[in-house]
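Heads up, the thing below is written out as structure tokens.
When reading the values below, keep in mind they use all heavy atoms of this one structure, side chains included, and skip hydrogens, waters and symmetry mates. Numbering of residues begins at 1 and proceeds along the displayed sequence.
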Amino acid sequence: MAGTSQTAPDDRGRGKGSGRDDRPDLATEAFLTHRNLLFTVAYEMLGSAADAEDVLQETWLRWAGVDLGTVRDRRAYLVRITTRQALARLRTLGRRRESYVGPWLPEPLLTTPDVAEDVELADSVSMAMLLVLETLTPTERAVFVLREVFDVGYDEIAEAVDKSQAAVRQIAHRARAHVAARRPRGVVSAAETRDALEAFRRAAETGDLQSLLDILAPDVVLLGDGGGVKQAVPRPVVGADKVARLLVAGLGRLADTASLRPAQVNGYPALILRQAGEIDSVVAVRIDDGLITGLYAVRNPEKLSHMERETALRR
């Protein structure tokens, strides 16, 4: 199969093998073994599941043509290809996002329960962290993700980003400091997030303005991503009073046809707003010191396709 297939194999349906018993060949086997890991690397670098899937397709096309006899570590080699493809796409995406209509938010994923159990993985793919990663340069983001999330060695990272090991260590130090200054102030448990979201949901559904104010931080920021397709706030809304009044007014108009239900999104509890049974919005939060400091509402239909079935992420 190597070098002949044009479509990346998917672990939900094994790729066509070269043997009579239809078992996948060695290239396909290795790709399928590490597919969820490669998707996670690409997604953390890009914040887009659709672009991560494209990167996996490009990774497969290159991997299928590799002489496996020359590969010492197949996992490392695949991560290297994926990183290079994601870096190239990330630089293109930067130009595309400059013309994006309204605030840009990462594409939410309905994640499997084991993602939440891996606290470090859940933190790294949370909406809040992905937004922090957006403030890094492409190379800083690649180095940070590979080193801090996947514990890849500096030598392997250097090959992936085409830098010296000394330069990679400097980039890693700079990226860590940048992220540390902007990430949530402490590790927030799933239970704490769930409690805050439940209080938020009750207040939003009942239109209880004071209860909303009690759970929102004074400097809370609401971001809405409609992508120019669905109506959303055109710029960040800042301040508990402004955010609470906007939510009460908006949800009040939808009260008869909409429902807010909890879901596991990007490793953390979140809310799904449905209208007439269809997903309208995904609402994720950032929490600091027990209060909601960030509200992220994704409405762009193109970003909601991965909310219908669970996505497996791996480190």
Side-chain angles (χ1 to χ4, degrees), residues 6-8 10 31 34-66 77-109 124-150 152 156-163 167-168 171-172 174-175 178-179 182 223-230 232 234-235 266 296 298-306 311 313:
Q6 294 302 305
T7 303
D10 190 310
F31 186 87
H34 300 299
R35 188 185 190 283
N36 291 339
L37 162 71
L38 302 177
F39 175 85
T40 308
V41 170
Y43 176 71
E44 291 209 26
M45 286 184 60
L46 300 167
S48 164
D51 286 299
E53 292 286 1
D54 287 345
V55 163
L56 256 63
Q57 176 71 27
E58 293 158 2
T59 297
W60 166 250
L61 291 174
R62 283 156 179 77
W63 173 246
V66 170
Y77 200 103
L78 281 163
V79 169
R80 189 187 315 157
I81 297 174
T82 300
T83 300
R84 287 176 175 170
Q85 297 307 310
L87 265 174
R89 185 164 289 256
L90 188 57
R91 293 181 175 114
T92 301
L93 288 176
R95 294 190 292 273
R96 192 193 308 171
R97 288 172 190 169
E98 290 176 1
S99 58
Y100 194 80
V101 179
W104 181 93
L105 289 173
E107 186 175 346
L109 301 177
S124 71
V125 297
S126 68
M127 295 288 277
M129 177 56 77
L130 289 176
L131 281 172
V132 172
L133 294 181
E134 282 292 312
T135 64
L136 297 172
T137 67
T139 301
E140 286 174 342
R141 186 166 184 169
V143 170
F144 181 88
V145 166
L146 292 178
R147 183 62 186 168
E148 300 301 313
V149 181
F150 299 97
V152 176
E156 293 180 18
I157 298 174
E159 287 195 52
V161 301
D162 197 24
K163 302 280 185 184
V168 165
I171 293 168
R174 186 167 65 243
H178 184 98
V179 170
R182 291 163 177 80
L223 296 175
D225 181 341
V229 180
K230 286 287 192 77
R235 60 188 61 84
N266 288 58
Y296 315 117
V298 181
R299 301 198 69 209
N300 184 348
E302 294 181 359
K303 293 187 176 184
L304 300 179
S305 61
H306 282 73
T311 297
L313 301 175

Give me the atom names and distance for the closest heavy-atom approach of [X] to [Y].
X      : Y      : result
Val55  : Ala42  : CG1-CB, 4.0 Å
Leu46  : Ala52  : CD1-N, 3.9 Å
Leu304 : Val298 : CD2-O, 3.8 Å
Gly47  : Arg141 : N-NH2, 3.7 Å
Glu44  : Leu133 : O-CD1, 3.8 Å

Does the side chain of [X] reach to within under 4.5 Å of the side chain of [Y], using non-hydrogen atoms?
X      : Y      : result
Leu130 : Glu107 : no
Leu109 : Phe39  : yes
Leu78  : Leu37  : no

So how far is it from [X] [atom1] to [Y] [atom2], rounded to the nearest 0.5 Å?
X      : Y      : atom1 : atom2 : answer
Arg174 : Thr139 : CZ    : OG1   : 9.0 Å
Leu61  : Leu56  : CG    : CG    : 11.0 Å
Phe150 : Glu156 : CZ    : CD    : 13.0 Å
Thr82  : His34  : OG1   : NE2   : 10.5 Å

Quick check against the 3.5 Å criterion: does [X] have a side-chain atom that pairs as donor or acceptor with the backbone of [Y]?
X      : Y      : value
Asn266 : Val125 : yes
Glu140 : Ala175 : no
Asp225 : Trp104 : no
Lys303 : Gly227 : no
Gln57  : Ala8   : yes
Arg299 : Val229 : no

Walk me through whether Val149 and Thr40 qualify under side-chain contact (heavy atoms from CB on, under 4.5 Å). CA-CA 10 Å; Val149 181; Thr40 308; 5.9 Å; no
Partners of His178 by side chain to side chain contact (heavy atoms under 4.5 Å, CB included), sequence neighbours excluded?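 So His178 forms a side chain to side chain contact (heavy atoms under 4.5 Å, CB included) with Thr135, Leu136, Arg182.
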Using the test side chain to side chain contact (heavy atoms under 4.5 Å, CB included), find all partners of Ala142 that sit at least two apart in sequence or belong to another chain.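 For Ala142 the side chain to side chain contact (heavy atoms under 4.5 Å, CB included) partners, ignoring immediate neighbours, are Met45, Thr83, Leu87, Val161.
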Flag yes if more than 12 heavy atoms outside Glu134 fall under 6.0 Å of its CD atom; otherwise flag no.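 Yes, enclosed.
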Who are the salt bridge (charged side-chain N to carboxylate O under 4.0 Å, His left out) partners of [X], not counting sequence neighbours?
X      : answer
Glu148 : Arg176
Arg89  : Asp51, Asp54, Glu58
Lys163 : none
Arg62  : none

Do we see a donor-acceptor contact under 3.5 Å between the side chains of Asn300 and Tyr100?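 Short answer, yes.
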Answer yes or no for Arg80 and Tyr77: cation-pi contact, defined as NZ/CZ to six-membered ring centre under 6.0 Å and angle to ring axis within 45°.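 Pair Arg80/Tyr77 counts as cation-pi.
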Begin with the C-alpha distance, continue with both residues' side-chain angles, and end with the deciding distance and a verdict on side-chain contact (heavy atoms from CB on, under 4.5 Å) for Leu313 and Asn36. CA-CA 6 Å; Leu313 301 175; Asn36 291 339; over 6 Å; no
